[in-house]
Amino acid sequence: MGHYKSNLRDIEFNLFEVLGRDQLYGTGPFADMDADTARDILAELARLAENELAESFADADRNPPVFDPDTNTAPVPDTFKKSYQAFMDAEYWRLGLPEEIGGTTAPRSLIWSYAELVLGSNPAIWMYSSGPAFAGILYEEGTEQQKKIAALAVEKQWGSTMVLTEPDAGSDVGAGRTKAIPQDDGSWHIEGVKRFITSGEHDMAENIIHYVLARPEGAGPGTKGLSLFMVPKFDFDPETGELGERNGVYATNVEHKMGLKASNTCEMTFGDRHPARGWLIGEKHDGIRQMFRIIEFARMMVGTKAIATLSTGYLNALEYAKERVQGPDLAQFTDKAAPKVTITHHPDVRRSLMTQKAYAEGMRALVLYTASVQDAIQAAEATGEDARRLHGLNDLLLPIVKGYGSEKSYEQLAQSLQTFGGSGYLQEYPVEQYIRDAKIDTLYEGTTAIQGQDYFFRKIVRDQGQALTALSEEIKKFLADAAGGEELADARDQLAKAAADLEGIVGTMLTDLAATEQDVRNIYKVGLNTTRLLLASGDVVVAYLLLRGAGVALDKLPSASAKDVPFYQGKVAAAKFFAANVLPAVAVQRAMADTVTLDVMDLPEEAF
């Protein structure tokens, strides 16, 4: 068994005891995926993740791919290839793909449940295996011929990339200068340099399809002038998939990174040596909307990856703490002959462990709650119902999953390492790699600052607060129902206060936004509060979901088996702990938001 420790019990608790997925699976568009089948899939994936997938985690970090500038290649280590092939051979990646290209219709909640297992054990495996998922988007967005290409890409397990970032543009995607030049045969020549391209080069697939944002000649500035192109590493016969000549897109560097070293992060150069032929995806120039389908999937993945890493970090720390004997019980500190105890007896270690547990389990609930909204979207659209309200709620939750999930996971992984003491700083244990691998999650697919701005300006203001109001009403209904009775009364009171304080932060920011009509510099006040709002929102939503789970656990406890009693007790304890120790800080954040000034904006750069 490798480093990875799954929490399948908690995944199933969320799916089937809290979110009622057993009532959804096996119905409507999910007729072929009942709850028993889902449980079997998750059990097998947990076994695979803890063994074959986890085996190469450390080796690929210590012996990462090396870029060869003479051949423009960066082969991955053999140990990692073995883990990757084990996942591809299992073919669970077919879940969620259109049936027309070899997939199986599956609920999003099941897909993100199994994603946690893969991403927690060896995240680079998931990233290299994105080809079929991206082919699914090609199938849905592409021409009739491109639909056939999507089926070929799945059948042949071709790799894929999403290609946005440019060295000078960074997160300002609309400033991209990569251009597309139309050709007489209907193809386009792509010219430019892109940076930070995950899986841009490797030797685990015979071909790689690059999904590239580029600006057609004559197109206007900004994101509206961008189109999405399919640019293969090798030309191929669109009917048979037989490979032809090498296309003019090459990796020209592989980044040397802090962590996640098994994943090749490449600089890609298009059209420098010879033409890089690409094809417009679909029949219209609609690149940013099409790419955002990939970006939103990637943001959900990043948040899930972060949370999965925290979960295994906490479980490794817990195992160590139960075995590590050090010092007497604090209550016997005056007795020099007192026996030594495991560090789980020490108050501050317990505080740290319960904090890790509450965040790990609360943010898992956040991922699966968001995934359940995506289930509802799938079910509604399958019957032709209006899913706009559900789309709005999903859009609102995504920056919390990604931004809050990545920030808090990285923060709490430091606590996981702290539990090990000095040993945690050693590569003998996996936590030091977890922290290095997880730091990228706060940066991937838009930094936390970008997530905060997106959350306020696009998901609240542009939406006129509809999704936020719907979520707020859901929380208020939960509070009114008094789930958990007297046992959770104090925790519910804390949630009610925090939810009101969160509404206060939003109100202050909307007031400052309106005040820009008198003085445009008031927009700076809004900008100083966007990350604060995002993180406070995460605290409130996670507290709500923890308490919702605790209410279910309290209902289950009287008839629970001896094995399940501690599990349910832990759910109640984590929810109450989070409410008592995290939620009071939302009031502090409200006070800070209410009194934010422009002092820091008025300060000359030289004073920093």
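The basis for the numbers below is simple: all heavy atoms, side chains too, and nothing from hydrogens, waters or symmetry mates.
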Is [X] positioned over the aromatic face of [Y], cation under 6.0 angstrom from the ring centre and no more than 45 degrees off axis?
X	Y	answer
K439	Y410	yes
R9	F567	yes
R299	Y444	no

When you compare the side chains of [X] and [Y], does any donor N or O come within less than 3.5 Å of an acceptor on the partner?
X	Y	value
Y455	S537	yes
T312	Y434	yes
S83	S56	yes
Q356	R351	no
E407	T442	no

Legend entry - Inter-residue atom distance F13.CZ - N7.CG, 0.5 Å rounding: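 Reported to 0.5 Å precision, the distance equals 11.0 Å.
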Legend entry - side chain to side chain donor-acceptor pair (under 3.5 Å) partner of S311, the single match among R364, K5, Q412, K357: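 Exactly one option meets the side chain to side chain donor-acceptor pair (under 3.5 Å) with S311, and it is R364.
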Inset, instruction - Test side chain to side chain donor-acceptor pair (under 3.5 Å) on H391 and E381 and set out the steps. - result: CA-CA 11 Å; H391 276 292; E381 292 182 343; 2.8 Å; yes
Inset, instruction - Using atom types as modelled and distance alone, determine if a side-chain donor or acceptor of D34 lies under 3.5 Å from a backbone N or O of Y25. - result: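 No.
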Legend entry - side chain to side chain donor-acceptor pair (under 3.5 Å) assessment of T105 paired with E99: CA-CA 7 Å; T105 301; E99 293 180 6; 3.2 Å; yes
Inset, instruction - Dump the intermediate steps for side chain to side chain donor-acceptor pair (under 3.5 Å) on S372 and D375, then the final yes or no. - result: CA-CA 5 Å; S372 73; D375 287 349; 5.9 Å; no
Legend entry - Electrostatic pair K305-D441, nearest N-O below 4.0 angstrom: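 A salt bridge links K305 with D441.
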Legend entry - Residue pair Q326 / K340, side-chain heavy-atom distance below 4.5 Å: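 With C-beta onward as the side chain, the pair stays apart.
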